Amino acid sequence: MRTQVGIVGAGPAGLLLSHLLHLRGIDSVVLEARSREYVEQRVRAGVLEQGTVDLLNEAGVGDRMRAEGLPHHGIELRYGGAGHRIAFERLVPGRAITVYGQQEVVKDLIARRLADGGRILFDVPDVALHSLEKDPYLTFQGERLDCDVIAGCDGFHGVSRPSIPEGVLSVFQRDYPFAWLGILARVPPSSEELIYSRGDRGFALHSMRSPEISRFYLQVPPDASLDDWPDERIWAELRARLETVPGFALAEGPIISRDLSAMRSFVAEPMRHGNLYLAGDAAHIVPPTGAKGLNLAVADVRLLTAALAEFYATGSTGLLDTYSASCLKRVWRAQHFSWWMTTLLHTLDDDDPYGRRLQTSHLDYVTSSEAAATTLAENYVGLPFDFGDHP
Ligand code: FAD
Ligand code: DHB
């Protein structure tokens, strides 16, 4: 088998790359370890930045997102017995976020690729990468896929990054001493906007997927197990962490899915080795507090598409050569923002009183200074795609 771009992984990065390349007349094959059902049901992100929404619309895959996604013009920071709204419409006019589940984005992209005759091979768990320096190819299940370049879009635990010889990548990493327990519940959201709540019992986040489905996250110990968290305990803890302002009552309903996520910051540089280009979680991870991971994956594949389009149109490797450096400007900005949101809102077991006072003092600053609130808002809704292009 032969294609122009061999893509490893059918997450948001791999699928969107395959679709954007198709729009530029570039052929690709996507190899995915898991089944179609699995990737379509995997519950993860929910917040799409303005730029992500615009890109999906321009690429013609935004119909269902426009119909079913929920545009939000602010979020609430809740702490110290009060809620404080970060008003996007005032702080960053014209920019907002859309709440639309990652698995819905994935479903829309798979449906569109298949309708356009795209090749996505599911259930291929044994992909291996070869000859990255020259004439690269992929092998799987006794088959060989020759390609001009390989796009490693296979997430943090994938095979692409580990295929790069030792010593080539610089790795930057920080692990956090807590995890997130996430649930989806069949109950209308108790708030119109997302609530990021900081309290002495730990962080809680109230999000949603639709007028009937709510999404919640709880900060839990890093070694927590889902067995430790029966439904009653989850609801009691969500009530304790969210019912902290007068008049707010949390509506409860059946829990329809639950998941645990480690909290990690990670960057591998450069995002290219020979003819292998890494994109999305394969190259970088942020803790989910800033809602940046999926949006970074989209920004990466946007740049990779432009670079490959230039290469196939003119033979120039100019944009391919600057791909990694261009991505990393946004990646590191999002690293800082995600680390900052995480440390602002989570509690540490060994937090000293000084640390706690610093945290609330900083929250007071963000919720009372227009400049500080604008910084949060412009990062949360997403910096423009040309961020970093200007000196
Ligand atoms: P992935 O989605 O991980 O996709 C990689 C794909 O590669 C998978 O389908 C995997 O099965 C496949 N694969 C793995 N190994 C192999 C292999 N060896 N061979 C072939 N295929 C392979 N981001 C946001 O922007 N906003 C949010 O609100 C947000 N909330 C989050 C909440 C939680 C709880 C979590 C866990 C994450 C959240 N994120 C959020 C992050 C976001 O989900 C990820 O950044 C995003 O999934 C990255 O997409 P990706 O395509 O790079 O990687
Ligand atoms: C969601 C996830 C996030 O990480 C976040 O910061 C906000 C919302 C969500 O899944 O809805």
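What you are looking at is a predicted structure, and each value in this text was computed from that prediction instead of being measured. Start at 1 with the first residue, then count along the sequence. Read the numbers this way: they start at 1 and go in the same order the structure lists the ligands and their atoms. Quick note: numbers below take in every heavy atom, side chains included, and nothing from hydrogens, waters or symmetry partners.
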Problem set entry | Ile75 side chain reached by Leu376 side chain, heavy atoms, under 4.5 Å | yes
For this session: Consider every N or O of Gln102 and every N or O of ligand 1, then say whether any pair is closer than 3.5 Å.
Result: yes
For this session: For the pair Asp300 (side chain) and Gly280 (backbone), establish whether a donor and an acceptor sit closer than 3.5 Å, ignoring hydrogens and angles.
Result: yes
For this session: Any pair with a residue in residues 9-39 that passes ring pair (Phe, Tyr, Trp, His ring centres under 6.0 Å), sequence neighbours left out, goes on the list, sorted by first then second residue, please.
Result: none
Problem set entry | Location of contacts on Val8 toward ligand 1, heavy atoms closer than 4.0 Å | side chain
Solution key, residues 66-74 side-chain donor-acceptor pairs under 3.5 Å, sequence neighbours excluded:
from	atom 1	to	atom 2	distance (Å)
Arg66	NH1	Asn57	OD1	2.4
Arg66	NH2	Asp63	OD1	2.8
Glu68	OE1	Arg64	NH1	3.2

For this session: Report yes or no: does Gln4 contribute a side-chain atom to a donor-acceptor pair with the main-chain N or O of Ser28 at less than 3.5 Å?
Result: no
Problem set entry | Phe156 to ligand 1, any heavy atom closer than 4.0 Å | no
Exercise. Phe385 ring centre to Arg302 NZ or CZ under 6.0 Å, with the angle to the axis within 45°?
Worked result: yes
Problem set entry | Region of Tyr217 that comes within reach of ligand 1 [heavy atoms, distance under 4.0 Å] | side chain
Exercise. Between Ser214 (side chain) and Met208 (backbone), is there a donor-acceptor pair under 3.5 Å?
Worked result: no
Seminar exercise, completed: In ligand 1, the atoms that come under 4.0 Å of a heavy atom of Val39 are 9 (O)
Exercise. Residues two or more places apart in sequence or in another chain: which of them pass side-chain contact (heavy atoms from CB on, under 4.5 Å) with Asp281?
Worked result: Arg44, Ile285
Problem set entry | Subset of ligand 1 atoms that lie under 4.0 Å from at least one heavy atom of Gly280 | 52 (O)
Problem set entry | Residue contacts for ligand 2, heavy atom to ligand atom, distance under 4.0 Å | Arg44, Ala45, Gly46, Val47, Trp180, Leu194, Tyr196, Leu205, Ser207, Arg209, Arg215, Tyr217, Pro288, Thr289, Ala291
Problem set entry | Numbered atoms of ligand 1 (with element) below 4.0 Å of Asn295, judged on heavy atoms | 24 (C), 25 (O)
For this session: Among all protein heavy atoms, pick the one closest to atom 27 (C) of ligand 1 and tell me residue, atom and distance.
Result: Ala45 CB, 3.2 Å
For this session: Examine Arg2 relative to Tyr137 and say whether NZ or CZ is less than 6.0 Å from the centre of the six-membered ring and inside a 45° cone about the ring axis.
Result: no
Problem set entry | Value rounded to 0.5 Å, distance of OG in Ser190 from CD in Glu243 | 8.0 Å
Problem set entry | Whether Trp180 and His346 hold their rings parallel, tilted or perpendicular, with breakpoints at 30° and 60° | parallel
Problem set entry | Geometric N/O contact Val47 with ligand 1, under 3.5 angstrom | yes
For this session: Before signing off on this row, confirm whether Ala291 and ligand 1 have an N or O atom pair separated by under 3.5 Å.
Result: yes
For this session: Kindly confirm or rule out an N or O of Trp180 lying under 3.5 angstrom from an N or O of ligand 1.
Result: no
Exercise. Side chain of Thr244, backbone of Ala240: donor and acceptor closer than 3.5 Å?
Worked result: no
For this session: Verify whether one side chain among Tyr196 and Thr289 offers a donor that lies under 3.5 Å from an acceptor in the other.
Result: no
Exercise. Is Pro12 in polar range of ligand 1, meaning some N or O pair under 3.5 Å apart?
Worked result: yes
Problem set entry | Within reach of ligand 1, part of Arg42 (heavy-atom separation under 4.0 Å) | side chain
Problem set entry | Under 3.5 Å side-chain donor-acceptor pair for Ser18 and Arg113 | yes
Exercise. Is it the side chain (CB and beyond), the backbone, both or neither of Cys153 that lies under 4.0 Å from ligand 1, heavy atoms counted?
Worked result: backbone
Exercise. Mind checking whether Gly46 has an N or O less than 3.5 Å away from an N or O of ligand 1?
Worked result: yes
Exercise. Taking only heavy atoms of Gly11, which atoms of ligand 1 are found under 4.0 Å from at least one of them?
Worked result: 4 (O), 6 (C), 9 (O), 51 (O)
Problem set entry | Non-hydrogen atom of Gly182 closer than 4.0 Å to ligand 1 | no
For this session: Using a 4.0 Å heavy-atom threshold (strictly under), name the region of Ser261 that reaches ligand 1: side chain, backbone, both or neither.
Result: side chain
Exercise. Knowing that exactly one of Trp339, Trp340, Trp332 qualifies, which makes a ring pair (Phe, Tyr, Trp, His ring centres under 6.0 Å) with His336?
Worked result: Trp339
